[in-house]
S.K.: 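One structure, as structure tokens, below. Some questions next.
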Amino acid sequence: MSETVVEVKNLVKRYKQLIALDNFSLKIEKGEVFGLLGPNGSGKSTTINCILSLLDYDNGEIKVFGEKMKSSRYDLKKRIGIVMQDVAVFDELTVEENVDYFCGLYIADKNLRKQYVDEAIEFVGIEEFRKFRPKKLSGGLLRRLNIACGIAHKPELIILDEPTVAVDPQSRNKILEGITELNKKGATIIYTSHYMEEVEQICTHILIMDKGKNITDGTADELKRSIKNTENIIVNIKKLDQKHVDAIGKLNHVYDITYMADRLEIKCSGGRHNISHVIDYFAENDLDYDRIYSELPTLNDVFLEITGKNLRDKE
Ligand SMILES: Nc1ncnc2c1ncn2[C@@H]1O[C@H](COP(=O)(O)OP(=O)(O)OP(=O)(O)O)[C@@H](O)[C@H]1O
Ligand SMILES: [Mg+2]
């Protein structure tokens with residue numbers, strides 16, 4: 001039987017005139033790696049801060065572990081590990097002392113705490129830096145320390161708000177692997193990000209949000225199957241007359257076509273085997289191209305189809 005760990009119903013949060021959360025709802029089951037995916041400013045951190053009762057809200061209901069969450073519910077907070085978007089550690093404490101401090105908020109027993117602190121430091125792979133102060137750490141290592149501080153007390157629910165932003169690839173992989181590992185050991189995870197690749201890599205359930213609203217949610221496959229787009233065909237071609245663009249746009253299953261900067265992008269519905277028709281068209285019309293390939297839809301295509309814009313500006 002499934003067990004709901006977090007339930008948010010019709011949450012409304014305003015910052016003066018701005019509606020940051022607009023009747024936002026979600027439900028997270030035990031054992032999930034729940035991805036909250038949305039562009040900058042869509043309301044991910046606001047959602048997290050409301051769930052944790054760090055922020056007051058205007059309307060709605062929040063339950064954690066089946067109980068109404070309030071700032072005074074220390075018993076519930078103890079079961080949650082939080083890794084904030086902005087790194088929050090003490091500069092004057094060493095790596096080890098920092099982890100011990102945060103773990104000490106929940107674990108009073110000294111011996112047990114020592115064991116937990118060692119395990120957390122080892123888990124994120126910063127053993128060599130135990131005696132370092134945070135200022136001496138690279139951005140990636142600092143993130144890992146931030147994570148160690150959040151998870152040392154072995155919480156059942158772990159919330160990570162964009163833990164891989166501005167992190168080197170090695171630390172990023174270590175962090176993503178670590179999250180999967182914590183989940184395998186039984187923790188339920190909430191993971192916010194605006195990187196669709198990461199969310200797809202580790203999340204069992206994905207909620208896409210925009211402007212404070214839940215625009216869709218499901219597994220990555222469910223989300224992709226829910227849209228019209230089934231295949232994107234890209235042709236790198238230096239010169240192509242508009243009449244050809246128009247003609248390709250009329251091929252079976254093609255519903256959108258753009259030609260910009262030597263790149264023809266053809267959006268198709270109706271399966272994954274439209275590329276042969278496009279190749280045939282080029283052959284029949286004796287047109288030369290550099291490269292032609294086909295891609296399956298991504299979560300960006302899901303976002304694009306629902307909101308009319310890209311998940312993030314092209315980098
Ligand atoms: N303290 C605040 N006062 C006023 N407006 C705020 C405040 N915090 C957030 N906002 C606004 O609320 C909206 C949602 O912000 P939020 O930080 O929750 O988004 P986010 O999805 O976490 O974005 P990011 O990816 O940049 O972290 C944004 O428009 C933001 O500018
Ligand atoms: Mg945020």
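When a ligand or atom number is given, it counts from 1 through the structure's own listing order. Index from 1, following the sequence.
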S.K.: Does Lys213 make a cation-pi contact with Phe24, if we ask for NZ or CZ under 6.0 Å from the ring centre and within 45° of the axis?
M.R.: no

S.K.: Between His244 and Tyr259, is the gap from one ring center to the other below 6.0 Å?
M.R.: no

S.K.: Could you say whether the N/O atoms of His194 and ligand 1 ever approach to under 3.5 Å?
M.R.: no

S.K.: If you take the nearest heavy atom of each of Ile48, Thr46, Asp86, which one is closest to atom 15 (O) of ligand 1?
M.R.: Thr46

S.K.: Under a 3.5 Å cutoff, is there a donor and acceptor pairing between the side chains of Tyr15 and Thr46?
M.R.: yes

S.K.: Considering only protein heavy atoms, which is closest to atom 19 (O) of ligand 1, and at what distance to one decimal place?
M.R.: Gly43 N, 3.2 Å

S.K.: Got a sec: is Asn40 within less than 2.8 Å of the Mg ion (ligand 2) via an N/O/S atom?
M.R.: no

S.K.: Look up atom 31 (O) of ligand 1 and tell me if a protein heavy atom lies less than 4.0 Å from it?
M.R.: no

S.K.: Mind checking whether Ala20 has an N or O less than 3.5 Å away from an N or O of ligand 1?
M.R.: no

S.K.: Quick one: nearest non-hydrogen protein atom to atom 1 (N) of ligand 1, plus distance?
M.R.: Tyr15 CE2, 3.7 Å

S.K.: Write out the residue and atom name of the closest protein heavy atom to atom 17 (O) of ligand 1, then the distance separating them to 0.1 Å.
M.R.: Ser45 CB, 3.8 Å

S.K.: Considering only non-hydrogen protein atoms, determine which one is nearest to atom 14 (C) of ligand 1 and report residue, atom name and distance to 0.1 Å.
M.R.: Gly41 O, 3.4 Å

S.K.: Answer with yes or no after comparing the ring centroid distance for Phe34 and Tyr191 against a 6.0 Å cut-off, counting only values under it.
M.R.: no

S.K.: Taking 4.0 angstrom as the limit, do Glu96 and Arg130 come out as a salt bridge?
M.R.: yes

S.K.: With distance as the sole criterion, is a donor-acceptor pair present between the side chains of Glu265 and Thr258 under 3.5 Å?
M.R.: no

S.K.: Ignoring hydrogens and geometry beyond distance, is a side-chain donor-acceptor pair present between Asp301 and Thr298 at under 3.5 Å?
M.R.: yes

S.K.: Please work out whether any backbone atom (N, CA, C, O) or any side-chain heavy atom from C-beta onward of Gln85 is under 4.0 Å from ligand 1, and answer side chain, backbone, both or neither.
M.R.: side chain

S.K.: Given Asn40, Thr47, Leu36, Asn49, which has its nearest heavy atom closest to atom 24 (P) of ligand 1?
M.R.: Asn40

S.K.: When you compare ligand 1 with Leu18, is there at least one nitrogen or oxygen pair between them that comes in under 3.5 angstrom?
M.R.: no

S.K.: Near the Mg ion (ligand 2), is there an N/O/S atom from Gln85 that is less than 2.8 Å away?
M.R.: yes

S.K.: Would you tell me whether Gln115 and Asn111 have side-chain atoms, one donor and one acceptor, within less than 3.5 Å of each other?
M.R.: no

